[in-house]
Amino acid sequence: VNQDKEYHPEGNAFWHTLQCLNYVKKPNVNLMMSVLLHDTGKAYGKNNGKNGKPFPNHSIISRDIAKNVLRRFYFNREDYREILFLVENHMILNAVNVLPESRLKKIFDSPYIQNLFELYRADISSGYHNMKSFHNAAHRYHDYVHKKKLKKIGILI
């Protein structure tokens, strides 16, 4: 699937995925499977750039494809959940400034948050993407964790 050169100078989803694999700094099986599967839905979700979104819902479609692929492997239930979570949410950190607090809390409290950040970093590193969005998401997460700690000890209500 060809991609917009503005965001993906590598040209297509296949080469983009290979580039993402190269940018993973802390590989583990679940993360690497997520990287391999994160954009598979682009082949089915192409919108030819309508409404400014060339691949609307590709994360959801990719998650559904991942379900079918993962059934062929022997992943335990927890690993299966993590991979699906990562694939479905691989774009969510780009939206931390507009997400409702309840959605942000669900993402930031996930036991998979570290792998989600690693997938997001690898994904945006593989193109001309500005790392500003990654740093913004990391800063929001840091603030969230800090406030949570303060609430826990009764300093912040």
Side-chain angles (χ1 to χ4, degrees), residues 3 6-8 10 13 16-42 45 51-71 73-157:
Q3 299 181 116
E6 181 180 347
Y7 297 105
H8 292 286
E10 64 280 11
H16 165 71
T17 299
L18 293 179
Q19 291 274 350
C20 287
L21 290 168
N22 283 328
Y23 281 103
V24 172
K25 289 182 180 177
K26 299 177 182 178
N28 60 67
V29 172
N30 291 352
L31 176 59
M32 299 309 272
M33 283 300 291
S34 301
V35 171
L36 286 171
L37 297 167
H38 82 281
D39 279 344
T40 54
K42 285 187 173 183
N51 301 326
K53 295 181 179 181
F55 301 101
N57 302 318
H58 85 273
S59 296
I60 302 299
I61 298 166
S62 296
R63 180 208 57 209
D64 293 341
I65 292 169
K67 283 180 185 179
N68 291 326
V69 170
L70 294 174
R71 286 186 186 123
F73 297 96
Y74 295 103
F75 285 97
N76 66 42
R77 184 173 286 157
E78 186 60 27
D79 292 338
Y80 180 81
R81 277 192 207 118
E82 179 177 7
I83 295 165
L84 295 180
F85 175 87
L86 295 173
V87 170
E88 179 178 349
N89 292 292
H90 76 274
M91 299 288 293
I92 200 81
L93 294 176
N94 193 45
V96 294
N97 291 333
V98 296
L99 287 175
E101 196 65 31
S102 60
R103 183 75 171 114
L104 198 58
K105 179 181 177 350
K106 185 177 179 181
I107 295 296
F108 283 170
D109 285 342
S110 167
Y112 317 127
I113 189 66
Q114 297 305 318
N115 272 347
L116 183 61
F117 266 103
E118 183 65 8
L119 172 57
Y120 183 58
R121 191 194 53 71
D123 192 18
I124 63 175
S125 293
S126 67
Y128 285 139
H129 293 89
N130 186 334
M131 291 303 288
K132 185 177 174 181
S133 63
F134 174 80
H135 295 296
N136 177 57
H139 181 74
R140 289 292 307 268
Y141 177 67
H142 179 269
D143 286 350
Y144 175 81
V145 170
H146 183 69
K147 286 178 184 176
K148 191 174 176 180
K149 286 179 183 176
L150 291 176
K151 282 182 183 179
K152 190 173 186 176
I153 59 173
I155 294 177
L156 192 64
I157 298 175

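As the structure is a computational prediction, the values presented were derived from the model and not from experiment.
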Original post:
For S62 and T40, which heavy atoms make the closest approach, and how far apart are they?
Top reply: OG-N, 3.4 Å
**OP:** To the nearest 0.5 angstrom, please state how far the CG atom of L119 sits from the OH atom of Y112.
**Re:** 14.5 Å
Subject >> Candidate list H139, H146, R140, K147, test side-chain hydrogen bond (donor to acceptor under 3.5 Å, both in side chains), partner D143, passing option >> reply: H139
Original post:
Do you see a donor-acceptor pair shorter than 3.5 Å between the side chains of S126 and H16?
Top reply: yes
Subject >> Point-to-point distance, once rounded to the nearest 0.5 Å, from NZ of K42 to OG of S59 >> reply: 8.5 Å
**OP:** Determine the sole option in F108, F134, Y141 for which the side chain to side chain contact (heavy atoms under 4.5 Å, CB included) test with L93 is passed.
**Re:** F108
Original post:
Do N57 side-chain atoms and I60 backbone N/O form a donor-acceptor pair below 3.5 Å?
Top reply: no
Original post:
Closest approach of D79 and N76, non-hydrogen atoms and distance?
Top reply: N-OD1, 2.8 Å
Subject >> T17 side, atom OG1; Q19 side, atom CD - distance, nearest 0.5 Å >> reply: 10.0 Å
Subject >> Results of side-chain contact (heavy atoms from CB on, under 4.5 Å) for R71 - residues two or more places apart only >> reply: K67, N68, Y80
Original post:
side chain to side chain contact (heavy atoms under 4.5 Å, CB included) between L18 and L21: does it pass, once the steps are laid out?
Top reply: CA-CA 5 Å; L18 293 179; L21 290 168; 4.2 Å; yes
Original post:
Taking all atoms of both residues into account, what is the closest heavy-atom pair of K26 and L31, and its distance?
Top reply: O-CD2, 3.5 Å
**OP:** To the nearest 0.5 angstrom, please state how far the SG atom of C20 sits from the CG atom of D123.
**Re:** 4.5 Å
Original post:
When you check the side-chain N and O atoms of N115 and N28, is any donor under 3.5 Å from an acceptor?
Top reply: yes
Subject >> Pairwise side-chain contact, L116 with I113, heavy-atom cut-off 4.5 Å (strictly under) >> reply: yes
Original post:
Which pair of non-hydrogen atoms, one from V87 and one from H38, has the smallest distance, and what is that distance?
Top reply: CG1-CA, 4.0 Å
**OP:** Would you tell me whether Y120 and N89 have side-chain atoms, one donor and one acceptor, within less than 3.5 Å of each other?
**Re:** no
Original post:
Can a donor-acceptor pair be found between the side chains of Y144 and E101 at a distance below 3.5 Å?
Top reply: no
Subject >> Donor-acceptor pair, side chain of E118 and main chain of K25, under 3.5 angstrom >> reply: yes
Subject >> Verdict with reasoning, E82 to M33, per side chain to side chain contact (heavy atoms under 4.5 Å, CB included) >> reply: CA-CA 10 Å; E82 179 177 7; M33 283 300 291; over 6 Å; no
Original post:
Going through the distances and angles, do V35 and Y23 end up as a side chain to side chain contact (heavy atoms under 4.5 Å, CB included)?
Top reply: CA-CA 10 Å; V35 171; Y23 281 103; over 6 Å; no
**OP:** Identify, with sequence neighbours excluded, every residue that meets side-chain contact (heavy atoms from CB on, under 4.5 Å) alongside K106.
**Re:** R103
**OP:** Considering non-hydrogen atoms only, spot the tightest contact between L104 and L99 and give its length.
**Re:** CD1-CD1, 4.0 Å
Original post:
How close do I61 and G41 get, heavy atom to heavy atom, and via which atoms?
Top reply: CG2-CA, 3.5 Å
Original post:
Could you give the distance from CG (L70) to CZ (R63), rounded to the nearest 0.5 Å?
Top reply: 12.0 Å
**OP:** Any chance you could measure L86, atom CG, to S110, atom OG, to the nearest 0.5 Å?
**Re:** 7.5 Å
